[in-house]
K.L.:
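Here's a structure for you.
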Amino acid sequence: MAAQAVGWGVPTGGEDDGTDEVADLFRALGRQIKVARVRAGMSQKELGDRLGYGEETISSVERGADASARTAGHGG
């Protein structure tokens, strides 16, 4: 049976088959954010400043890093 992300009710994928659908989603979303940022001619710092986040956070989101921690820590 597939595991559930805490607070989201979204399947994370089956560890048995090696997939992690939520992590894949975060990586894909991060790539799209990076494409949009680059097309807008903005640095990660500039985007972070406009959104109220640090450059490291923008970098992490763009890489899809630590997606499991973000979903697990989200209270529904």
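Position 1 is the first residue of the sequence; numbering continues from there.
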K.L.:
For a side chain to side chain contact (heavy atoms under 4.5 Å, CB included) check, start with the C-alpha distance between Ile33 and Leu47, then their side-chain angles and the critical distance, and finish with the verdict.
P.N.:
CA-CA 10 Å; Ile33 290 169; Leu47 179 59; 4.2 Å; yes

K.L.:
The test is side chain to side chain contact (heavy atoms under 4.5 Å, CB included); show your working for Glu55 and Ile58 and say whether it passes.
P.N.:
CA-CA 5 Å; Glu55 182 177 358; Ile58 300 301; 5.7 Å; no

K.L.:
Listed by chain and number, what are the side-chain contact (heavy atoms from CB on, under 4.5 Å) partners of Gln32, not counting sequence neighbours?
P.N.:
none

K.L.:
List for me each residue that meets side-chain hydrogen bond (donor to acceptor under 3.5 Å, both in side chains) alongside Ser59, sequence neighbours excluded, and say none if there are none.
P.N.:
Arg63

K.L.:
Is there a path of hydrophobic side-chain contacts, each under 4.5 Å between heavy atoms of I/L/V/M/F/W/Y residues, joining Val61 to Val38?
P.N.:
no

K.L.:
Please enumerate all residues that pass side-chain contact (heavy atoms from CB on, under 4.5 Å) together with Glu56, with sequence neighbours excluded.
P.N.:
none

K.L.:
Determine which pairs satisfy salt bridge (Lys or Arg N to Asp or Glu O under 4.0 Å) with at least one residue from residues 30-42, sequence neighbours left out, and list them in order.
P.N.:
Arg37-Glu62

